[in-house]
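Here's a structure for you.
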Number of protein chains: 2
Amino acid sequence: MDVILPKFDSVFSIDCVIFGFEAGELKILLIERNVEPFKDWYALPGYIVEQDESIDEAAERILYELTGLRDLHMEQFHTFGEVNRHPQGRVITVAYYALIRINGQKELRPVTHYARKAFWHPVNDLPKLAFDHTEIFKTGFNKIKRRLNYQPIAFELLPEKFTLTQLQTLYEAILNKKLDKRNFRKKMLSYGFLKELDEKQKGVSYRAAKLYKFDKRKYAKIFQNDLTGEL
Amino acid sequence: MDVILPKFDSVFSIDCVIFGFEAGELKILLIERNVEPFKDWYALPGYIVEQDESIDEAAERILYELTGLRDLHMEQFHTFGEVNRHPQGRVITVAYYALIRINGQKELRPVTHYARKAFWHPVNDLPKLAFDHTEIFKTGFNKIKRRLNYQPIAFELLPEKFTLTQLQTLYEAILNKKLDKRNFRKKMLSYGFLKELDEKQKGVSYRAAKLYKFDKRKYAKIFQNDLTGEL
DNA sequence: TAAGATAGGTGTATATTTAACACGATGTTA
DNA sequence: TAACATCGTGTTAAATATACACCTATCTTA
C-alpha cells in the first residue's frame, strides 16, 4: 500500500481439505508426498500460488495437479499465518474445503511428481500429517460441522439419487451422533427441497427404499429471501 | 512445499474492519491515506505483513500504527486474493475484524505518516473507499450479523456497564430491524450471563435504568459443553 | 408543586418448533 | 413360506418464539 511495493521472500500457498463419503464413512483426500520436506509423509493436497492467478483459481489448479480432481466448488475457510509453519521459510497458507461425491470410476492420479499418489482416508483414523496439516484439517472439519446446521451441504457428498437413510447416515457421520429417524425425515422433507423420485434403490437384499434428489432450484426459490442462507 | 522455496514478488497485507458503537449508531474505523496510491482517500486501516511476525501479530501492529488503538481482540474473517486488487502489483490480503467500545478519552492518532488521520464513521453512510475496501467491509459486516445470532459479541461494543435498552438498540443497529422490548429482555436475561448491578444510569433526564454487566465467567460456564460456542 | 414528558419495566396467551418414542409393512433370501 | 432386514410412518409433551399494552418512576418546566 506504500508508493512502491516492497518485494518479499514470503511464499503463499493453498491447502485443500476435500471431504467425501463412502461405505458409510466420512473421508478426506490425502496425498503421499514425493519431495522434501516431509518426503513420504501423508499430507493435504497443497502447493504454491502463482502470481498471475487468484487464490480461488490456484486452489483449483493445485488440487487438480496433485490429485487429478477438477471442477469442484471449493471455499476458503481459514488462513494460517504463523511464522514457523514451514521448516524452510515463511509460508502463509489459505485453506480451502470442498465436499464431493467419491466416484469409484474417477481415478485419483497426481499430474505432478510432487505427489506420489492421492487417496481417500477415513477422518476418524487419520495418520500424522506433514506440516501443520492436522490442525488445518481439524479447523476445516469443525467448520463443516457447524455449517451443516444451516446449509444443505451434505447433498454434495451423496450420489445424485439417494435414500433418506443414506442422508441420515451421512449427517450422523459428520456430526458424530445418532439422530432420530422419524424426526430427521420429517424435518428434511419439511424443507421442501427434496424431490421424491418414482424410483427405488436397486441391488439391496431387503426392501428397497425410495430415492430422492436434492432440488437446487427449489432450494434457491425457498431461501431466496434469506440473505444469510440459513435454514 | 518444494525442496527450495521460490521467492515471490507477492505482497501480503492485512486490512482491519473495526466496529464501534456511539450515539446509537454503529460505526467503523477509517483512515485518511497520506500516500499513493489512493492518496487522500478514505480506507480501512491496513498495511503489509512483515516476514518475522504472524498474521495475527501483524494485524495488531498495523492497527496500532495507523490508528493508535491497541490490545483489541481481532479475528480474521476472509482472505482476498484476486489478481488485480492493487494497482501496483499482486497483493493478497487477510481481513480482520474486531468490535470495541468507542472511548472518547482515547485519542485516535496514527503513528506512521501513511495515515493522515483515523476516525469513526457510521456504517450506514460510508464514502467510497480505496482499493476493494468497500467489498471487504461488506463481507465483514455480514459476518458479524450472522455471528450475533449465536455469540455474545455485542457486549464488546458497549461500555462495561450498560442498560438493557442500550443493548437492544445495539442489536437493532447491527441487524437493522426493530426488536420487541419484552421478548428481547426475557431472552437476554434467560441466558443467565447478564449480571444485574446495584446501580442505575446517571445523568439522564428521565427515569434511570438499571445497569447490567456481561459476566464472562458465567458465560464460559454455561456454554462450556457447547463446543461450537453457539447459544 | 403539580402537570407533562419520557423512557423504564413488566406478563400472558398463542403459535411454532423440537424431542421422545415403537411397530406393522414390504421386499429379499434361503 | 418362514425368517430376516430395512422401510416408512404419527402422536404427545415440552420448550421456545411471537405478539401485544399499560402502569411506574424520574426528571423538567410552568
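In the text below, chain A, chain B and the rest are named by the order of the sequence lines, each starting its count at 1.
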Original post:
Just how far, in rounded Å, is C1' of C/dG9 from CG of B/L189?
Top reply: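 Checked: the CG to C1' distance equals 11 Å.
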Subject >> Aromatic ring pairing A/F193/A/Y219, orientation class (parallel under 30°, perpendicular over 60°, tilted between) >> reply: perpendicular
Subject >> A/F162 vs A/F214, ring-ring contact (aromatic ring centres under 6.0 Å, His included): CA-CA, chis, key distance, verdict >> reply: CA-CA 9 Å; A/F162 52 85; A/F214 174 64; 8.1 Å; no
Subject >> Aromatic plane relationship, B/F184 with B/Y171 - under 30° parallel, 30 to 60° tilted, over 60° perpendicular >> reply: perpendicular
Subject >> Spacing between B/L194 atom CG and C/dG9 atom P, to the nearest angstrom >> reply: 13 Å
Original post:
Is the count of non-hydrogen atoms from other residues, nucleotides or ligands lying under 6.0 Å from B/R109 atom CZ greater than 12?
Top reply: no
Subject >> Row check, A/F141 ring normal vs A/K145 NZ/CZ: under 6.0 Å, within 45° >> reply: yes
**OP:** May I ask you to list the residues of residues 177-185 of chain A, by number, that have any heavy atom positioned under 4.0 Å from an atom of DNA chain C?
**Re:** A/D180, A/R182, A/N183
Subject >> Proximal nucleotide (of D/dT26, D/dA17, D/dC7) relative to the A/R207 side chain >> reply: D/dC7
Subject >> B/L167 CG - C/dG9 C1' separation (whole Å) >> reply: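 The answer, rounded to whole Å, is 15 Å.
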Original post:
What is the distance from NZ of B/K202 to P of D/dA25, rounded to the nearest Å?
Top reply: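 That distance rounds to 20 Å.
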**OP:** Find which nucleotide of DNA chain D each of A/S205 and A/A209 is nearest to by heavy atoms, and output the residue with the more 5' nucleotide.
**Re:**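 Result: A/S205.
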**OP:** Indicate the ring-plane relationship of A/F77 and A/F80, choosing parallel, tilted or perpendicular according to the 30° and 60° boundaries.
**Re:**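 Perpendicular.
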**OP:** Write down the distance between NZ (B/K210) and P (C/dG9), rounded to a whole number of angstrom.
**Re:**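 Going from NZ in B/K210 over to P in C/dG9 covers 6 Å.
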Original post:
Is any side-chain nitrogen or oxygen of B/T165 closer than 4.0 Å to OP1 or OP2 of C/dG8?
Top reply: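 For B/T165, the contact criterion (side-chain N or O under 4.0 Å from OP1 or OP2 of C/dG8) is met.
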Subject >> Residue met sooner reading DNA chain C from 5', once A/K187 and B/K200 are mapped to nucleotides >> reply: B/K200
Original post:
Quick one: on DNA chain C, does B/L164 or B/K186 contact a more 5' nucleotide (nearest heavy atom)?
Top reply: B/L164
